[in-house]
Amino acid sequence: MTSMAGIRAISTATSSQVAKGTRKTSQIPVRISIKRRSDAFAKATFEADGGLNGSASNDNSRALELKRTLKESKPEISPKDSSTLPRPLTASDLSNSVNRSRLRVAYQGLPGAYSESAAAKAYPNCEAVPCELFETAFDAVDRWVVDRAVLPIENSLGGSIHRNYDLLLRYGLHIVGEVKYAVRHCLLANRGVQIEDLKRVLSHPQALAQCEHTLTKLGVVREAVDDTAGAAKFVATNQLQDAGAVASSLAAELYGLNILARDIQDDSDNVTRFLMLAREPIIPGIDRPFKTSIVFSLEEGPGVLFKALAVFAMRDISLTKIESRPQKKRPTLISVDVCSGSPKYFDYLFYVDFEASMASQNAQNALRHLEEFAKFLRVLGSYPMDVSQA
């Protein structure tokens with residue numbers, strides 16, 4: 001159970017956890033080699049140099065060598081050759097850069113993804129680092145490959161990104177901010193291809209669903225791929241004449257595609273909320289609107305969730321989101337009620353966002369109250385709210 005001192009430490013940034021959560025301890029392997037799942041990614045291999053360096057003149061404790069072997073080039077892409085674009089990091093790319101002049105920010109996807117634009121909005125003039133998977137981005141921050149990560153957590157149309165909720169619990173990273181980004185889908189195709197030439201359209205499944213009305217009117221076959229920028233790159237690289245892609249205007253610029261139509265999403269209110277993640281928490285304040293994100297679990301019983309949420313209501317603290325996820329290590333429990341035939345039920349974790357700073361006594365009192373009956377409680381971050389226009 002979390003100590004009261006642990007909660008007080010949140011407000012001074014000496015600790016960001018109310019209760020100690022489970023965290024994966026990553027060890028640098030001697031050698032890792034991973035092959036790509038598709039032609040969109042290059043092969044990568046790395047070697048560690050054999051351990052920690054205790055020299056005071058070298059802050060880098062892991063000197064790693066990255067060897068890249070790129071596949072034979074595809075047809076040239078205009079105006080920018082794909083070989084000049086950053087290659088997404090994978091689990092094998094654990095090299096540590098030193099003497100960096102710019103903040104390195106990880107995002108999931110290929111260059112031209114909406115996440116890259118969100119990273120640029122969150123950290124202007126940063127060096128955006130593409131990652132193959134969400135987990136790779138978490139790992140890159142955890143292992144000091146990058147300084148921050150900007151990853152989606154929910155979309156106004158598609159809902160929550162559950163994988164990132166699970167990774168928030170698995171890693172010990174801290175939420176240090178949020179950014180909202182308006183998604184504006186474009187229909188892209190190679191130069192010379194007209195909209196009536198299209199027989200199929202490629203994109204991420206959510207992007208295809210968000211453009212259902214437009215694509216139905218066109219009568220095209222929809223093909224799902226890993227991400228929107230990957231769809232644009234595939235169409236451009238293979239010089240497809242009967243296929244288009246749903247992606248961003250930035251992807252059109254990077255891969256030399258024409259924009260056949262803009263804003264083809266069915267709902268103009270299409271906003272994705274991204275979390276900004278770091279290794280260390282920020283010092284929460286009370287000088288501007290703050291939001292705090294927590295995760296907790298409860299004993300089974302009537303009204304326990306009501307009591308948990310009541311600790312905020314009785315202190316006039318507004319909740320902005322609540323998400324439940326089954327616990328991975330304890331997915332089900334068995335009821336002891338013999339009358340019910342011992343049915344199984346899920347043991348849940350609850351993720352809650354509320355509008356208050358951990359520097360406020362009110363928020364600290366709410367969490368002290370919650371810990372009286374919570375089995376597990378952890379503060380994921382206390383950070384400024386994004387009150388800007390998406």
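All of these numbers come straight from a predicted model, not from anything done at the bench.
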Atom pair [atom1] ([X]) and [atom2] ([Y]), whose distance is rounded to the nearest 0.5 Å:
X: K321; Y: L319; atom1: NZ; atom2: CG; answer: 12.0 Å
X: S115; Y: Y107; atom1: OG; atom2: OH; answer: 8.5 Å
X: Y171; Y: D166; atom1: OH; atom2: CG; answer: 12.0 Å
X: K199; Y: L240; atom1: NZ; atom2: CG; answer: 13.0 Å
X: I175; Y: L168; atom1: CD1; atom2: CG; answer: 5.0 Å
X: Q210; Y: N270; atom1: CD; atom2: CG; answer: 4.0 Å

Heavy-atom pair of closest approach, residues [X] and [Y]:
X: L298; Y: D347; result: O-OD1, 4.3 Å
X: C211; Y: V246; result: SG-CG1, 3.9 Å
X: G112; Y: L254; result: N-CD1, 3.4 Å
X: A118; Y: V179; result: O-CG1, 4.0 Å
X: D269; Y: S156; result: O-OG, 3.0 Å
X: R184; Y: Y114; result: O-OH, 3.2 Å

Is the number of heavy atoms from other residues, nucleotides or ligands within 6.0 Å of CG (D287) greater than 12? yes

Under 3.5 Å, is there a donor-acceptor pair between the side chain of [X] and the main chain of [Y]?
X: Q241; Y: Q239; value: yes
X: D263; Y: S268; value: no
X: Q364; Y: M358; value: yes
X: K121; Y: K180; value: yes
X: E178; Y: P384; value: no
X: T272; Y: Y181; value: no
X: T228; Y: H204; value: no
X: R102; Y: C126; value: yes
X: N238; Y: F234; value: yes
X: D227; Y: G230; value: yes

Distance-only donor-acceptor hits, side chain of residues 306-316, under 3.5 Å, sequence neighbours excluded:
| from | atom 1 | to | atom 2 | distance (Å) |
| --- | --- | --- | --- | --- |
| R315 | NH1 | V311 | O | 2.8 |
| R315 | NH1 | H369 | ND1 | 3.4 |

Between [X] and [Y], is there shared hydrophobic-cluster membership here, with clusters defined by ILVMFWY side-chain heavy atoms closer than 4.5 Å?
X: F290; Y: L277; value: yes
X: I317; Y: M385; value: no
X: L208; Y: I259; value: no
X: V221; Y: I195; value: no
X: F373; Y: V379; value: yes

Could you walk me through whether R279 and L173 pass side-chain contact (heavy atoms from CB on, under 4.5 Å), step by step? CA-CA 5 Å; R279 288 178 293 274; L173 303 183; 4.3 Å; yes

Could you check V235 against Y255 for side-chain contact (heavy atoms from CB on, under 4.5 Å), going step by step and ending with a plain yes or no? CA-CA 9 Å; V235 169; Y255 301 113; over 6 Å; no

Ring center gap for H162 and Y351 short of 6.0 angstrom: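 No, they do not, as the ring centres are separated by 6.0 Å or more.
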
Please list, chain by chain and in numerical order, all residues satisfying side chain to side chain contact (heavy atoms under 4.5 Å, CB included) with Q194, sequence neighbours excluded. E196, D197

Tell me, please, which residues at least two apart from E355 pass salt bridge (Lys or Arg N to Asp or Glu O under 4.0 Å).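 Partners of E355 by the salt bridge (Lys or Arg N to Asp or Glu O under 4.0 Å) criterion come out as none, since no residue qualifies.
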
